[in-house]
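Report on the structure given below.
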Amino acid sequence: MQARRVVESVDWVGAIDWDRRLFDALIPLPDGTSYNAYLVRGSSGTALLDTVDPACAQILSARLAHAGAEHIDFLVAHHAEQDHSGAIPLVLAAHPETTVLATEKGKTMLVDHLGVPAERIRAVRDGERLNLGGLTLEFLHFPWVHWPETMVTWLPERRILFTCDLFGSHLATSELFAGEDAGVLLGAKRYYAEIMMPFRNLIEKRLERLTGLRPAYIAPSHGPIYERPEFILEAYREWLTAPPHNLIVVPYLSMHASTRRMVEVFVEACIRRGMRVEQFDLTDPDLGKLAMLLVDAASIVIGTPVVLGGPHPKAAYAAYLANLLRPKARFLSVLGSYGWGGKMVEQLAAMIPNLKLEVLPPVLCKGLPGADDCESLEALAATFAERHARLTTVGIPS
Ligand SMILES: Cc1cc2nc3c(=O)[nH]c(=O)nc-3n(C[C@H](O)[C@H](O)[C@H](O)COP(=O)(O)O)c2cc1C
Ligand SMILES: [Fe+2]
Ligand SMILES: [Fe+2]
């Protein structure tokens with residue numbers, strides 16, 4: 001277990017978690033993940049920036065030993081979530097000289113969530129600078145990416161911005177630095193969709209402060225380091241602020257193929273009218289993929305049969321998740337098959353109060369869709385096409 005050089009005086013001492021497949025008991029990790037921790041050594045002081053998930057604590061210790069970090073003056077805790085803070089108690093036990101630096105809120109949370117003794121933590125102000133001897137750490141509070149206590153650190157002498165979860169990707173890789181291939185971009189987009197999208201308005205407002213620093217490197221706490229920050233900054237600008245695309249996402253499921261038949265008719269009708277469509281089966285879904293589709297989609301159409309008076313529980317789950325993720329979508333509708341009745345549409349509508357979008361009239365049909373139902377589905381597709389055309393006039397990409 002060796003430390004790896006990022007730039008002069010800065011070493012990576014994190015852990016690559018190749019085998020992890022689930023995060024927060026929710027998020028699928030098809031490509032594993034990593035927990036990046038960085039050691040910054042000035043002539044008069046040493047700082048460790050974040051730690052690792054508690055399951056990987058021994059890896060961090062081994063890399064610190066390899067780096068010869070006998071004395072750690074400061075441990076910068078950007079974020080109190082355990083995948084970065086979980087090994088703080090171990091580091092503090094091994095290093096009685098270490099002071100933890102966090103925001104005021106971070107200090108409270110480290111006490112509450114990890115039992116870190118309050119006297120070992122010093123709160124830092126927004127913009128506060130710490131001189132390590134020839135190297136300066138500047139702490140910039142950046143709340144709500146994705147918890148309220150978060151901050152980032154700027155190392156001006158090396159022009160490195162340490163952003164913790166922001167700009168991260170769940171990607172286990174032996175590469176310390178990110179290439180600019182589709183895999184890296186997709187990993188970052190998946191991470192954005194799952195973790196950052198609900199906070200996109202706040203991030204957008206505060207992003208300028210970071211881009212204004214003109215960093216040479218962005219070093220997040222998951223996934224590879226960006227040697228050309230513009231690559232990830234451009235992607236974030238697009239995801240955060242670009243108008244939604246000419247794309248309809250159709251999360252759906254069907255027990256006995258009636259709703260599936262409706263979805264097929266609707267999807268064909270949309271394609272014929274020039275819209276991009278993603279038909280997404282919710283039976284055994286990769287919810288990260290659904291979240292990624294929601295980054296760009298202008299419209300969402302949920303397809304579900306009526307089950308015990310409401311939507312199928314898996315459709316309800318998808319609607320609930322979309323509500324939490326707060327995507328940009330502007331239009332929504334519902335389609336599905338029923339046997340005798342229920343309140344499926346009302347129940348789904350009640351699950352999405354966060355989504356400020358126009359709800360287009362749903363199409364429900366008894367049993368298999370007949371000719372009238374297919375006409376209604378065609379009409380619904382035509383309404384979506386008309387709405388999307390309006391977006392197109394203000395520059396909607398397809
Ligand atoms: C477990 C179960 C519960 C159901 N509950 C309802 C219900 O409460 N109200 C209703 O109208 N139909 C109910 N149905 C009937 C289905 O909505 C109907 O068969 C529908 O056509 C199924 O669509 P699908 O082929 O897309 O699965 C239920 C069916 C199943 C299997
Ligand atoms: Fe986090
Ligand atoms: Fe994290």
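Atom set for the values below is all heavy atoms of this structure, side chains included, hydrogens, waters and symmetry mates excluded. What you see is a predicted model, and the numbers here were worked out from it, not measured in a lab. Counting begins at 1 with the first residue of the sequence. One-based numbering, in listed order, for ligands and for the atoms of each.
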Query raised in the report: If Ile, Leu, Val, Met, Phe, Trp and Tyr residues are connected whenever their side-chain heavy atoms lie under 4.5 Å apart, and connections chain through other members, are Leu213 and Tyr236 in the same group?
Result: yes
Requested in this report: Compare all side-chain heavy atoms of Tyr252 with those of Val301 and state whether any distance is below 4.5 angstrom.
Outcome: no
Report task. Enumerate the atoms of ligand 1 whose separation from the nearest heavy atom of Ala257 is less than 4.0 angstrom. Result -> 25 (O)
Report task. Using the ring-ring contact (aromatic ring centres under 6.0 Å, His included) rule, take Phe162 and Tyr38 through it: C-alpha gap first, then chi angles, then the decisive distance, then the call. Result -> CA-CA 9 Å; Phe162 298 94; Tyr38 302 95; 5.1 Å; yes
Report task. Considering the heavy atoms of Gly309, write down every atom of ligand 1 situated less than 4.0 Å from one of them. Result -> 7 (C), 8 (O)
Query raised in the report: Is Gly310 close to ligand 1, meaning an N/O of one under 3.5 Å from an N/O of the other?
Result: no
**Report entry** 2.8 Å cut-off met by an N, O or S atom of Asp83 to the Fe ion (ligand 2)
**Finding:** no
Query - Residue His256 vicinity, atoms of ligand 1 by number, heavy atom under 4.0 Å - result: 24 (P), 25 (O), 27 (O)
Report summary line: Ranked by distance from atom 12 (N) of ligand 1, the top protein heavy atom is Gly339 N, 3.1 Å
Requested in this report: Distance to 0.1 Å, residue and atom name: give those for the protein heavy atom nearest to atom 2 (C) of ligand 1.
Outcome: Val307 CG1, 4.1 Å
Query raised in the report: For the Fe ion (ligand 2), does an N/O/S atom of Cys164 lie at less than 2.8 Å?
Result: no
**Report entry** Protein contact of atom 21 (O) of ligand 1 - nearest heavy atom, named by residue and atom, plus distance
**Finding:** Ser337 OG, 2.6 Å
**Report entry** Pro327 backbone acceptor or donor facing Arg200 side chain under 3.5 Å
**Finding:** yes
**Report entry** Heavy atom of the protein closest to atom 16 (C) of ligand 1 (residue, atom name, distance)
**Finding:** Val306 O, 3.5 Å
Query raised in the report: Between the main-chain N or O of His78 and the side-chain N or O of Asp50, is there a donor-acceptor pair closer than 3.5 Å?
Result: yes
Report summary line: Closest to atom 23 (O) of ligand 1 among protein heavy atoms sits Pro305 CB, 3.3 Å
Query raised in the report: What atoms of ligand 1 come closer than 4.0 angstrom to any heavy atom of Leu308?
Result: 3 (C), 4 (C), 5 (N), 6 (C), 7 (C), 8 (O)
Query raised in the report: Okay, side chain of Thr259, backbone of Ser254: is any donor-acceptor separation there less than 3.5 Å?
Result: no
**Report entry** Carboxylate-amine/guanidinium contact Arg209 Asp126, below 4.0 Å
**Finding:** yes
Query raised in the report: Has His84 got an N, O or S atom lying less than 2.8 Å from the Fe ion (ligand 2)?
Result: no
Requested in this report: Report, in ascending order of atom number, the atoms of ligand 1 lying under 4.0 Å from any heavy atom of Thr259.
Outcome: 23 (O), 24 (P), 26 (O)
Query raised in the report: Can we say Asp11 and Arg63 salt-bridge, meaning some charged N sits less than 4.0 Å from an Asp/Glu carboxylate O?
Result: no
Query raised in the report: Is a donor on one side and an acceptor on the other found under 3.5 Å between the side chain of His222 and the backbone of Ser34?
Result: yes
Requested in this report: For the pair His256 (side chain) and Gly367 (backbone), establish whether a donor and an acceptor sit closer than 3.5 Å, ignoring hydrogens and angles.
Outcome: no
Report task. Measuring from the Fe ion (ligand 3), name the closest N, O or S atom belonging to Asp165. Result -> OD1
Query raised in the report: Can you give me the NE2-the Fe ion (ligand 2)-NE2 angle for His79 and His146, to 10°?
Result: 90°
Query raised in the report: Got the closest protein heavy atom to atom 11 (O) of ligand 1, with its distance?
Result: Gly341 N, 2.6 Å
Query raised in the report: Are Arg20 and Asp83 ion-paired here, with the side-chain N under 4.0 Å from a carboxylate O?
Result: no
Requested in this report: Indicate yes or no: does an N/O atom of Ser258 lie under 3.5 Å from an N/O atom of ligand 1?
Outcome: yes
Query raised in the report: Hey, is CD on Glu386 packed in by over 12 heavy atoms from elsewhere, all under 6.0 Å?
Result: yes
Query raised in the report: Which atoms from ligand 1 have a heavy atom of Met255 less than 4.0 Å away?
Result: 24 (P), 26 (O), 27 (O), 29 (C), 30 (C), 31 (C)
Query - Short N or O distance, Leu253 and ligand 1, threshold 3.5 Å exclusive - result: no
Query raised in the report: Is the distance from the Fe ion (ligand 3) to some N, O or S atom of Glu81 under 2.8 Å?
Result: no
Query raised in the report: Quick one: do Glu104 and Lys107 make a salt bridge, cutoff under 4.0 Å?
Result: no
Report task. Take atom 19 (O) of ligand 1 and look for protein heavy atoms under 4.0 Å from it; say yes if you find one, no if not. Result -> no
